[in-house]
Amino acid sequence: MTTPEESGAPLAETFECAFDFQPGWVDLTLREGTRAEAQALATRVVDNLNPMALEIEKSAVFDDMVDRAVDLNDDVPTLAAAYYSEAGEALANLVVDSYGDEGVPRPGVEEVTPLLLDWANARVAGEPAISHLELPAGPAVRVQAMLQVKRMFGFGRKLTEFARYAVFPQDLQSLVVVTVTWEKVAMTERITELADEAVQTLRLTPRAAGGGV
């Protein structure tokens, strides 16, 4: 999601972001953003996998998790996660970002909705599904659509799907956006169910200026 350029400084607001994830979701948030940190995280997760359920080598799951963690944290999101099947296959990515500038009013639902459909390297295919939600974290607008994503070097496009939730927390000035993406369109019903369940558990807790909650 891209936002209009504003002259204000970035919003000096910090908050805790957490989910009560269903089994299968793996928190891939990196504090330092290094590959070594991603490898340590992946080691902890992979060591606890059920080897009898895996359909691919543990080493392949490990490599995927490391690469995915590094990639998802490239833009320093508030939180990053991925959903892995019991077989060890990554099915969906989830990223939480926050937006806001000092002295600039938070945009409303009508202004935010078209921004949720804006992608730097892709375009929406077909008519998006748009709905309004009342989440524990605050009112939200949800969009879901297919995407045509540019392939590397600009050769053709591939289809993927996404659901985005723009949350308007009552205790924060920031706009919080949860983005879930996946490529296996045949799994759309299951993944959207998982995504909707996850955002229902989203907790956004402001931190005091000194770092406390």
Side-chain angles (χ1 to χ4, degrees), residues 1-8 10-11 13 15 17-19 21 25 28-29 68 71-83 91-102 104-151 157-185 187-204:
M1 178 178 127
T2 57
T3 55
E5 291 186 6
E6 301 285 0
S7 58
L11 194 59
E13 180 175 59
F15 56 91
C17 175
F19 293 85
F21 280 131
W25 285 107
L28 297 178
T29 310
R68 196 172 297 269
D71 181 60
L72 292 180
N73 285 273
D74 184 54
D75 289 332
V76 194
T78 301
L79 184 146
Y83 185 83
L91 298 178
N93 295 328
L94 181 151
V95 175
V96 181
D97 292 293
S98 65
Y99 301 90
D101 287 312
E102 291 287 355
V104 179
R106 184 168 65 188
V109 171
E110 290 186 3
E111 186 177 355
V112 164
T113 301
L115 298 177
L116 297 174
L117 299 169
D118 185 22
W119 292 76
N121 65 334
R123 65 187 181 206
V124 171
E127 190 69 23
I130 302 172
S131 58
H132 299 85
L133 309 172
E134 288 295 332
L135 302 176
V141 58
R142 179 190 187 279
V143 301
Q144 181 175 339
M146 297 287 296
L147 281 178
Q148 290 182 339
V149 182
K150 291 180 181 178
R151 290 185 180 273
R157 293 175 181 267
K158 65 178 179 180
L159 282 178
T160 187
E161 197 161 358
F162 78 96
R164 266 180 172 161
Y165 310 77
V167 186
F168 300 82
Q170 296 180 351
D171 297 330
L172 296 171
Q173 299 177 57
S174 301
L175 174 71
V176 177
V177 178
V178 182
T179 302
V180 181
T181 57
W182 63 97
E183 294 184 3
K184 289 206 167 186
V185 178
M187 297 287 294
T188 288
E189 184 175 350
R190 176 58 179 152
I191 294 171
T192 53
E193 181 181 272
L194 289 165
D196 289 342
E197 288 176 352
V199 296
Q200 286 291 340
T201 73
L202 173 63
R203 299 189 305 280
L204 302 168

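Given the structure is predicted, the values throughout are model-derived calculations rather than measurements.
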Atom CD of Gln144 and atom CG of Asp196: how far apart are they, to the nearest 0.5 Å? 7.5 Å
Going by the side chain to side chain contact (heavy atoms under 4.5 Å, CB included) test, name the single residue among Ile130, Val177, Val167 that passes it with Val141. Ile130
Interatomic spacing from OG1 in Thr181 to CD in Glu161 - rounded to 0.5 Å: 10.5 Å
Please confirm whether the backbone N or O of Leu28 pairs with a side-chain atom of Asn73, one donor and one acceptor, at under 3.5 Å? yes
Holding to side chain to side chain donor-acceptor pair (under 3.5 Å), I want the full list of residues that pass it with Thr78, two or more places apart in sequence or in another chain. none
Is it true that a side-chain atom of Arg142 and a backbone atom of Ser131 form a donor plus acceptor pair closer than 3.5 Å? no
Minimal non-hydrogen separation, Leu135 against Gln200, with atom names: CD2-NE2, 3.4 Å
Measure across Ala80 and Leu72 and return the closest heavy-atom pair with its distance rounded to 0.1 Å. CB-CB, 3.9 Å
Go through the steps for Leu175 and Ser98 under the test side chain to side chain contact (heavy atoms under 4.5 Å, CB included), then give the verdict. CA-CA 6 Å; Leu175 174 71; Ser98 65; over 6 Å; no
Does Leu116 form a side chain to side chain contact (heavy atoms under 4.5 Å, CB included) with Tyr165? I'd like the steps, not just the answer. CA-CA 8 Å; Leu116 297 174; Tyr165 310 77; over 6 Å; no
On a heavy-atom basis, which atom in Leu202 and which in Cys17 lie closest, and how many Å separate them? CD1-SG, 3.8 Å
Closest approach of Phe21 to Ala198 (non-hydrogen atoms, all atoms of both residues): CE2-CB, 4.1 Å
If you measure only the distance, is there a donor-acceptor pair under 3.5 Å linking the side chains of Trp182 and Thr160? no
Check: Tyr99 main-chain N/O paired with Arg106 side-chain donor or acceptor under 3.5 Å: no
Any chance you could measure Arg123, atom CZ, to Asp118, atom CG, to the nearest 0.5 Å? 13.5 Å
Name all residues meeting the ring pair (Phe, Tyr, Trp, His ring centres under 6.0 Å) criterion together with Phe162; count only those two or more places apart in sequence or in a different chain, and write none if there are none. Trp119
If you compare all heavy atoms of Lys184 against all heavy atoms of Ile191, which two are closest, and at what distance to 0.1 Å? O-CD1, 4.5 Å
Apply side chain to side chain contact (heavy atoms under 4.5 Å, CB included) to Phe19 and Leu94, showing your working. CA-CA 11 Å; Phe19 293 85; Leu94 181 151; 4.2 Å; yes
Would you say the side chains of Asn93 and Tyr83 form a donor-acceptor pair under 3.5 Å? no
Minimum heavy-atom separation for Pro107 to Phe168, with atom names? O-CE2, 3.2 Å
I need the full list of side-chain hydrogen bond (donor to acceptor under 3.5 Å, both in side chains) pairs touching residues 166-178, with sequence neighbours left out, sorted by first then second residue. Glu13-Ser174
Chi angles and distances behind the side chain to side chain contact (heavy atoms under 4.5 Å, CB included) call for Val185, Met146: CA-CA 9 Å; Val185 178; Met146 297 287 296; 3.8 Å; yes
Would a distance-only check, ignoring hydrogens and angles, find a side-chain to backbone donor-acceptor pair under 3.5 Å from Thr113 to Glu110? no
